[in-house]
Amino acid sequence: MENKTIARTLRLLSQLMELHEENPFKIKSVANAYFKVDKLPFALRDKPLDELDKIEGIGKGLASKIVELLQTGELQELNEILDRTPEGVVEMLAIKGIGPKKIFIIWRTLGIESIGELYYACNENRLIEAKGFGLKTQEEIKSAIEFKLAANGRFLYAQVEGFAKTLFTQLSVWTANIDDLALLGFAGQYRRACEIIDELEIVIGTEQIDAIKQNLPAFEPLSLIEAENSFICTTEAGFRIKLHVVEKSAFYLQWFTLTGNTEHVEKVLALAGNGPFANEEEIYSKAGLTFIEPELREDFDEIELAKANKLPTLIQYEDLKGSLHNHSTWSDGVHTLEQMAMYCKENLNLQYLGICDHSKTAVYAKGLNEQRVFGQHQEIDELNKKLAPFKIFKGIESDILSDGSLDYSDDILKTFDFVVASVHSNLRMDEAKATARLLKAIENPYTTILGHPTGRLLLSRAGYPIDYKKIIDACAANKVVIEINANPLRLDLDWRWHRYALEKSVLLSVNPDAHRTEGFHDMHYGILVARKGGLSADKCLNAFTLEEITAYFNSKRPN
DNA sequence: GCCGTTTTCGGCCCGACTGTTTTCAGTCG
């Protein structure tokens with residue numbers, strides 16, 4: 001069992017204990033153990049069982065719970081408390097903006113036991129009757145439920161990627177048994193590398209179309225049902241899959257048709273005619289267009305650009321020379337500064353690491369006060385001597401405070417090589433306030449990069465509203481780079497605004513926001529959306545070489 | 001339930017903000 005699973009189990013246990021009003025200090029210790037387990041730099045399953053209670057925050061009681069989890073995969077105490085809690089009440093824990101205390105009131109005093117009932121009660125204006133609830137809370141719960149319902153059956157790209165790849169391999173092997181010359185390809189949102197996937201589409205082109213169709217329901221990894229020209233299935237987790245089986249001669253046209261969005265496909269085919277086509281390249285060339293990568297087929301401006309032969313050369317993961325905006329054990333990271341640096345140097349073959357631990361206001365994350373900033377800089381200087389020519393840049397993820405100011409005085413700010421400014425608190429501002437707040441941070445001469453501009457968490461939280469054009473224009477005017485936060489939950493700046501930023505000559509940066517060494521790999525997801533946005537390597541800050549980015553930081557810093 | 005001793009039990013506690021209150025509780029990163 002992974003630490004993450006153990007941590008999640010402990011979190012659920014602590015939340016349920018709160019719902020059942022158990023001893024608050026017991027609850028706290030379980031919640032604390034969740035937090036600690038989540039931040040461990042080693043796997044609990046590799047640790048001798050009698051040493052678990054030596055870990056800080058884990059005593060005899062919690063150690064025995066973890067042993068039970070590791071050995072049986074279950075926790076009796078959790079099962080018992082789950083039995084005493086309606087399923088719908090447990091589901092409410094996933095609604096952003098309400099915690100166990102409010103759910104307790106909803107359940108016990110209003111008698112509401114499911115999210116559906118809760119939504120109904122909001123519409124009936126019944127929530128305001130309860131103590132501690134008012135009109136605003138009711139409205140907020142209502143919109144949080146709507147956001148959650150809209151996420152049903154939808155998944156992050158990163159959530160389905162592993163499953164999709166495995167399925168594709170299994171399907172390829174299975175198909176080859178019937179027709180070893182069959183053609184297979186992903187289509188739809190997955191091939192376009194959309195950040196959210198509603199449905200996984202795969203196209204099979206074969207000369208044995210009847211044999212494939214007859215046997216597909218026996219393809220064991222899925223329970224497929226024949227539908228209109230396709231086979232469909234929904235996994236237990238609610239993920240929809242659609243397989244299209246087509247004549248091999250029609251494969252490339254079908255693959256193309258099922259990949260791009262409707263408008264893109266219609267516009268290209270209007271230019272290309274009806275084929276037949278030997279491959280996708282031929283479709284575009286017959287349409288008088290240069291080849292358009294699948295990620296771009298969204299009917300933005302890609303057809304006009306292809307017509308004028310002005311499509312950007314899309315950035316690739318291999319173009320990245322370094323990684324900016326990452327955390328270490330100095331704040332809330334799991335691995336030490338040296339471990340993070342060594343991983344970039346040895347495993348990822350990068351030239352530099354930008355370390356951006358949290359600033360002092362982020363107390364919950366061990367944010368660095370002025371003395372610790374100084375201490376970290378000393379360690380960086382030492383490591384830079386040791387690791388040369390690899391370079392660690394002194395960065396900080398400075399909170400943007402409610403009034404838009406940064407978290408340190410200019411005297412401290414000027415000691416950094418670069419500053420990522422981002423919002424972590426007071427996320428519920430309206431558009432005017434949130435925009436003004438960001439504008440002030442962008443205009444600060446020490447701001448190098450605007451971090452996750454909207455604070456959104458895909459499928460979970462909308463993020464505060466901002467006036468994108470004003471923000472991007474201000475970044476252009478103040479030479480501030482905008483982050484593409486590569487965490488698959490964020491992917492913020494949204495790719496739909498990359499083009500506008502690039503038109504305004506704003507640089508973008510694919511930042512993993514890594515809190516452990518494995519986190520660097522999220523840059524893969526950042527690259528996928530950056531490609532959708534039309535980013536080329538020369539417009540990406542962390543595709544700059546060490547020399548180039550050093551010069552860039554030096555030119556940006558006020559004297 | 002954990003910790004740190006005062007080796008047997010008492011103390012554990014982020015701060016800002018918001019919405020609900022009329023002085024504070026819940027939630028968040």
Side-chain angles (χ1 to χ4, degrees), chain A residues 10-11 13-19 21-39 52-66 68 75 77-78 81 92-106 109 127-142 144 327 331-333 356-369 397-405 407 421-430 433-434 437 451-452 454-457 460-464 485 487 489-490 492 513 515:
Chain A
L10 294 175
R11 181 178 57 180
L13 179 62
S14 76
Q15 288 171 325
L16 289 169
M17 286 165 78
E18 260 194 279
L19 283 181
E21 294 188 297
E22 296 196 16
N23 181 333
F25 292 112
K26 277 191 194 180
I27 296 169
K28 189 149 182 34
S29 68
V30 177
N32 180 53
Y34 141 65
F35 193 71
K36 287 273 158 55
V37 167
D38 199 39
K39 295 274 176 215
L52 293 179
D53 64 355
K54 296 198 177 61
I55 299 168
E56 196 191 323
I58 295 170
K60 277 204 166 65
L62 277 155
S64 75
K65 289 193 202 347
I66 293 171
E68 185 185 343
L75 193 57
E77 189 180 343
L78 178 65
I81 200 163
M92 286 180 205
L93 291 166
I95 301 174
K96 287 267 171 198
I98 52 171
K101 294 277 161 56
K102 286 232 156 70
I103 296 174
F104 180 85
I105 304 267
I106 289 166
T109 63
L127 245 56
I128 57 167
E129 298 161 17
K131 198 178 170 201
F133 287 74
L135 208 56
K136 289 207 172 172
T137 308
Q138 179 171 277
E139 282 306 302
E140 203 176 304
I141 291 174
K142 198 180 148 190
H327 299 264
S331 66
D332 59 349
C356 294
D357 276 306
H358 286 283
S359 61
K360 61 181 177 183
T361 296
V363 183
Y364 61 92
K366 283 202 299 173
L368 274 56
N369 62 25
E397 181 178 22
S398 170
D399 265 37
I400 298 174
L401 307 180
S402 287
D403 67 352
S405 55
D407 208 5
S422 40
V423 168
H424 291 105
S425 57
N426 198 2
L427 302 164
R428 288 189 213 154
M429 289 186 169
D430 61 36
K433 273 190 189 160
R437 180 189 195 182
H452 44 69
T454 74
R456 75 177 182 186
L457 296 177
S460 161
R461 183 176 78 200
Y464 40 86
N485 190 294
N487 187 308
L489 264 167
R490 293 191 185 267
D492 180 18
D513 202 352
H515 284 69

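Below, each value reflects all heavy atoms present in this structure, side chains not excepted, and no hydrogens, waters or symmetry copies. Throughout, protein chains are lettered first and strands after them, A, B, ... in sequence-line order, and every chain is numbered starting at 1.
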Checklist entry - Per the side chain to side chain contact (heavy atoms under 4.5 Å, CB included) rule, which among A:Ile58, A:Asp53, A:Leu75 passes with A:Ile66? => result A:Ile58
Checklist entry - What interatomic distance, in whole Å, is found between P of B:dG15 and the corresponding atom of B:dT20? => result 25 Å
Next on the checklist: Between P on B:dA16 and CD1 on A:Ile400, what's the gap in Å once rounded to a whole number?
Outcome noted: 18 Å
Checklist entry - Roughly how many Å is it from CZ in A:Arg456 to C1' in B:dC28, rounded to a whole number? => result 20 Å
Item to check | Rounded P spacing from B:dC17 to B:dT22 in Å | outcome: 23 Å
Set out, line by line, the N/O atom pairs under 3.5 Å between protein and nucleotides 25-27 of chain B.
unit_1: B:dT27; atom_1: OP1; unit_2: A:Gly99; atom_2: N; d: 2.3
unit_1: B:dT27; atom_1: OP1; unit_2: A:Gly99; atom_2: O; d: 3.0
unit_1: B:dT27; atom_1: OP1; unit_2: A:Lys102; atom_2: N; d: 3.2
unit_1: B:dT27; atom_1: OP2; unit_2: A:Lys101; atom_2: N; d: 3.3
unit_1: B:dT27; atom_1: O5'; unit_2: A:Gly99; atom_2: N; d: 3.3

Checklist entry - Run the side chain to side chain contact (heavy atoms under 4.5 Å, CB included) check on A:Ile81 and A:Glu22 step by step: do they pass? => result CA-CA 11 Å; A:Ile81 200 163; A:Glu22 296 196 16; 3.7 Å; yes
Checklist entry - In whole Å, what separates the P atom of B:dT18 from that of B:dC12? => result 29 Å
Checklist outcome for this item: Rounded to whole Å, CG of A:Asn32 lies from C1' of B:dC14 at a distance of 13 Å
Next on the checklist: Taking B:dC3 as the reference, what is the distance to B:dC13 when you measure between their C1' atoms (whole Å, please)?
Outcome noted: 14 Å
Next on the checklist: Under 4.0 Å, counting only non-hydrogen atoms across every strand here, what does A:Ile55 touch: a base, just sugar-phosphate, or nothing?
Outcome noted: sugar-phosphate
Item to check | Expected output: side-chain A:Arg456 to main-chain A:Arg490 donor-acceptor under 3.5 Å | outcome: yes
Checklist entry - Is any side-chain nitrogen or oxygen of A:Thr137 closer than 4.0 Å to OP1 or OP2 of B:dT20? => result yes
Item to check | Gap in Å between the two C1' atoms, one belonging to B:dC14 and one to B:dT8, rounded | outcome: 30 Å
Next on the checklist: Expressed as a whole number of angstroms, how long is the span from A:Ile66:CD1 to B:dG1:C1'?
Outcome noted: 12 Å
Checklist entry - Expressed in whole Å, how much space separates the C1' atoms belonging to B:dT21 and B:dG26? => result 13 Å
Checklist entry - Would you call the rings of A:His424 and A:His358 parallel, tilted or perpendicular if under 30° counts as parallel and over 60° as perpendicular? => result perpendicular
Next on the checklist: Within the structure provided, determine whether A:Lys131 and A:Thr109 are in side-chain contact (heavy-atom separation under 4.5 Å).
Outcome noted: no
Checklist outcome for this item: Rounded to whole Å, CZ of A:Phe35 lies from C1' of B:dG1 at a distance of 18 Å
Next on the checklist: Whether A:Asn426 contacts B:dC28 is assessed here as follows: a side-chain N or O lying under 4.0 Å from the phosphate OP1 or OP2. Is that the case?
Outcome noted: no
Checklist outcome for this item: Atom CD of A:Glu56 and atom C1' of B:dG1 are separated, to the nearest Å, by 15 Å
Item to check | Donor-acceptor contact present, side-chain A:Asp492 to main-chain A:Thr454, <3.5 Å | outcome: yes
Next on the checklist: Going by centres under 5.5 angstrom and planes under 30 degrees, do the aromatic ring of A:Phe25 and the base ring of B:dC12 stack?
Outcome noted: yes
Next on the checklist: Please report the distance separating the C1' of B:dA16 from the corresponding atom of B:dG10, rounded so that it comes out in whole Å.
Outcome noted: 30 Å
Checklist outcome for this item: Taking a pair to mean Watson-Crick or G-U wobble geometry with both distances below 3.5 Å, B:dC24 pairs with B:dG19
Checklist entry - The side chain of A:Ser402 lies closest to which of these nucleotides: B:dG19, B:dG1, B:dC17? => result B:dC17
Item to check | Spacing between A:Ile105 atom CD1 and B:dT21 atom P, to the nearest angstrom | outcome: 11 Å
Checklist entry - For the side chain of A:Ser398 and the backbone of A:Ser359, is there at least one donor-acceptor N/O pair under 3.5 Å apart? => result no
Item to check | Closest-nucleotide ordering on DNA chain B, the 5'-leading residue of A:Lys26 and A:Leu135 | outcome: A:Lys26
Next on the checklist: Quick one, A:Leu10 with A:Leu62, criterion side chain to side chain contact (heavy atoms under 4.5 Å, CB included). Give me CA distance, side-chain angles, the key distance, then yes/no.
Outcome noted: CA-CA 9 Å; A:Leu10 294 175; A:Leu62 277 155; 4.0 Å; yes
Next on the checklist: Give me the distance, rounded to whole Å, that separates B:dG1 from B:dT6 when you measure between the P atoms they each carry.
Outcome noted: 25 Å
Item to check | Protein-nucleotide distance (A:Leu127, atom CG; B:dG19, atom P), rounded to Å | outcome: 15 Å
